[in-house]
There are 2 protein chains.
Amino acid sequence: MGNIAKDINSTFPNERVKALINIKYTANWLDTIGNELLKPFKISVQQYNILRILRGAEEAITVSSIRKRMIQKSPNATRLMDKLCDKELIERTRCENDRRIVYVKISEQGLKLLAKINIEEFNNHMNNITEDEAETLNKILDKIR
Amino acid sequence: MGNIAKDINSTFPNERVKALINIKYTANWLDTIGNELLKPFKISVQQYNILRILRGAEEAITVSSIRKRMIQKSPNATRLMDKLCDKELIERTRCENDRRIVYVKISEQGLKLLAKINIEEFNNHMNNITEDEAETLNKILDKIR
DNA sequence: TGGTAGTAATTACCTAGGTAAATATAAATA
DNA sequence: TATTTATATTTACCTAGGTAATTACTACCA
């Protein structure tokens with residue numbers, strides 16, 4: 001995207017219309033920054049998030065529970081995990097008791113990759129705002145929906 | 001995406017991490033709502049935005065100026081206009097003086113389509129927050145970047 | 001027990017948006 | 001004037017994310 005800092009103020013008739021564009025612009029910006037940090041590791045922000053969820057789980061968990069924690073719809077969760085499977089960073093096994101369910105587990109290779117990534121650095125790009133400001137932001141975003 | 005109202009509070013260690021997810025979630029939500037409203041007209045939110053910019057311009061303007069007003073990078077602007085061209089809602093003409101430049105103009109069909117869409121209804125989904133709240137939101141988002 | 005309804009995951013087809021590189025042209029400069 | 005640099009747009013290849021439909025199964029219920 002372009003440079004909103006330069007362009008956004010002169011362009012919008014009111015704060016709400018600006019907000020509409022600003023939310024989307026910021027979401028893309030955060031994504032771009034995150035993906036740049038993860039580029040050396042050849043995974044995306046969302047793929048990184050899934051790996052962290054799986055490491056935290058400490059055991060195989062269902063596709064559905066990952067989807068819920070990521071607040072994503074099923075097709076997207078499946079697609080992201082397809083990519084992690086191709087890279088052999090996770091393993092899928094079908095549940096024997098209920099054959100609709102697929103369990104997912106982080107692989108040794110996945111754990112090794114995570115160990116290389118500095119979480120502090122990854123989260124740095126939200127340090128421009130305080131915890132209070134983040135709370136205000138969350139309240140307003142929640143109110144929009 | 002899932003239901004963030006139900007899930008988001010229980011899942012995140014602090015407000016900043018929640019904000020990171022919340023911004024993206026809200027951006028997608030706004031997009032989904034907007035696209036649903038525009039579904040009967042067979043255009044997307046971004047395509048609608050381009051048509052409105054072109055109607056406002058009242059004359060043919062360059063791809064580059066549209067791109068700047070949308071705060072988008074060039075490849076995306078080109079792609080969106082490809083789609084509008086296919087639908088015959090806009091017309092492209094190459095500048096005779098500087099043959100690198102392409103001028104874009106809304107077509108009669110494009111104007112007719114815009115006339116059918118109720119702007120009030122389209123902007124309604126931001127009416128949950130006040131102008132003051134939108135201003136606060138914009139300030140915090142600007143600070144993040 | 002057989003039929004129906006609900007659920008978990010996936011697939012197909014669509015959207016926006018990113019980077020890197022290619023193309024074509026204009027402008028500047030040695 | 002010829003070469004180099006800058007600009008405007010497009011193309012190719014990648015990402016996430018949406019809906020609708022499909023597949024494979026479980027569960028329920030008459």
Side-chain angles (χ1 to χ4, degrees), chain A residues 1-2 4 21 23-39 41-50 61-68 70-87 92-104, chain B residues 1-2 4 21 23-39 41-50 61-68 70-87 92-104:
Chain A
M1 301 184 99
I4 205 178
I21 307 292
I23 291 166
K24 222 179 154 181
Y25 179 81
T26 307
N28 284 335
W29 183 89
L30 287 167
D31 228 54
T32 300
I33 297 292
N35 283 325
E36 207 160 302
L37 283 169
L38 292 172
K39 209 175 178 180
F41 309 103
K42 291 181 182 172
I43 54 169
S44 70
V45 170
Q46 286 297 60
Q47 289 166 30
Y48 176 58
N49 286 337
I50 291 178
I61 56 175
T62 66
V63 167
S64 170
S65 67
I66 297 169
R67 171 183 74 68
K68 279 176 193 153
M70 300 181 66
I71 320 163
Q72 290 292 329
K73 302 214 161 151
S74 298
N76 201 36
T78 294
R79 282 185 297 249
L80 291 166
M81 285 183 257
D82 285 346
K83 288 169 191 167
L84 289 168
C85 252
D86 289 347
K87 294 174 190 162
R92 287 198 264 217
T93 44
R94 198 161 279 274
C95 173
E96 285 305 319
N97 299 329
D98 184 340
R99 297 196 54 77
R100 291 170 301 181
I101 293 173
V102 171
Y103 280 106
V104 184
Chain B
M1 303 184 94
I4 206 179
I21 307 292
I23 291 166
K24 222 177 152 182
Y25 179 81
T26 306
N28 284 335
W29 184 88
L30 287 168
D31 228 52
T32 301
I33 297 292
N35 283 325
E36 206 161 303
L37 283 169
L38 292 171
K39 210 174 178 181
F41 308 104
K42 292 181 182 171
I43 54 169
S44 70
V45 170
Q46 286 297 61
Q47 289 166 30
Y48 176 58
N49 286 338
I50 291 178
I61 56 176
T62 66
V63 167
S64 170
S65 68
I66 297 169
R67 171 184 75 68
K68 278 176 194 154
M70 299 181 68
I71 319 160
Q72 291 293 328
K73 301 213 161 149
S74 298
N76 200 35
T78 294
R79 281 186 297 249
L80 291 167
M81 284 185 260
D82 285 346
K83 288 169 191 168
L84 290 168
C85 252
D86 289 348
K87 294 173 191 162
R92 288 197 263 217
T93 45
R94 198 160 281 273
C95 172
E96 284 306 317
N97 299 329
D98 184 342
R99 298 197 53 77
R100 293 170 300 182
I101 293 172
V102 171
Y103 280 107
V104 184

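Every chain is numbered from 1 and lettered A, B, ... according to where its sequence line falls, protein lines coming before strand lines.
Here D:dA16 presents its C1' atom at 16 Å from OH of B:Tyr25, a figure rounded to the nearest Å. Between the NZ atom of B:Lys83 and the P atom of C:dC14 there is a distance of 11 Å, rounded to whole Å. One atom, CD of A:Gln47, and another, C1' of D:dC14, lie 11 Å apart when rounded to the nearest Å. The separation between A:Trp29 atom CH2 and D:dA16 atom C1' is 18 Å, rounded to whole Å. The interatomic distance linking B:Met81 (CE) with D:dA8 (P) rounds to 14 Å, in whole Å. Put simply, CG on A:Asn76 is 13 Å from C1' on C:dA16, counting in whole angstrom units. What separates CZ of A:Arg79 from P of D:dC14 is a distance of 17 Å, to the nearest Å. Going from atom CZ of A:Arg67 over to atom P of C:dA9 covers 8 Å, rounded to whole Å.
Of all the heavy atoms in A:Arg67 and A:Gln72, the pair that sits closest is CG-O, 2.7 Å.
We find the CG-CZ distance between B:Asp82 and B:Arg92 to be 4.5 Å, quoted to the nearest 0.5 Å.
Counting only heavy atoms from C-beta on, B:Thr32 has its side chain closest to D:dG18 among D:dT11, D:dG18, C:dA9. Which of C:dT10, D:dG18, C:dA9 sits closest to the side chain of A:Lys73 comes down to D:dG18.
Toward the 5′ end of DNA chain D lies the nearest nucleotide of A:Leu80, the other residue of the pair A:Leu80 and B:Lys39 mapping further downstream. Nearest-nucleotide positions on DNA chain D for A:Asp98 and B:Thr62 put B:Thr62 closer to the 5' end.
Among the heavy atoms of the strands lying under 4.0 Å from B:Ser44 are primed sugar atoms or P, OP1, OP2 only; no base atom is included.
OP1 or OP2 of C:dG17 lies within a sub-4.0 Å distance of a side-chain N or O belonging to A:Lys24.
Here the side chain of B:Lys87 pairs a donor or acceptor atom with the backbone of B:Lys42 at under 3.5 angstrom. No donor-acceptor pair under 3.5 Å is formed between the side chain of B:Lys83 and the backbone N or O of B:Ser44.
Side chain A:Arg100 to base C:dT7: a donor-acceptor pair is found below 3.5 Å.
Evaluated for a side chain to side chain contact (heavy atoms under 4.5 Å, CB included) with B:Gln46, the options B:Leu80, B:Asp31, B:Leu38, B:Asn35 yield exactly one hit, B:Leu80.
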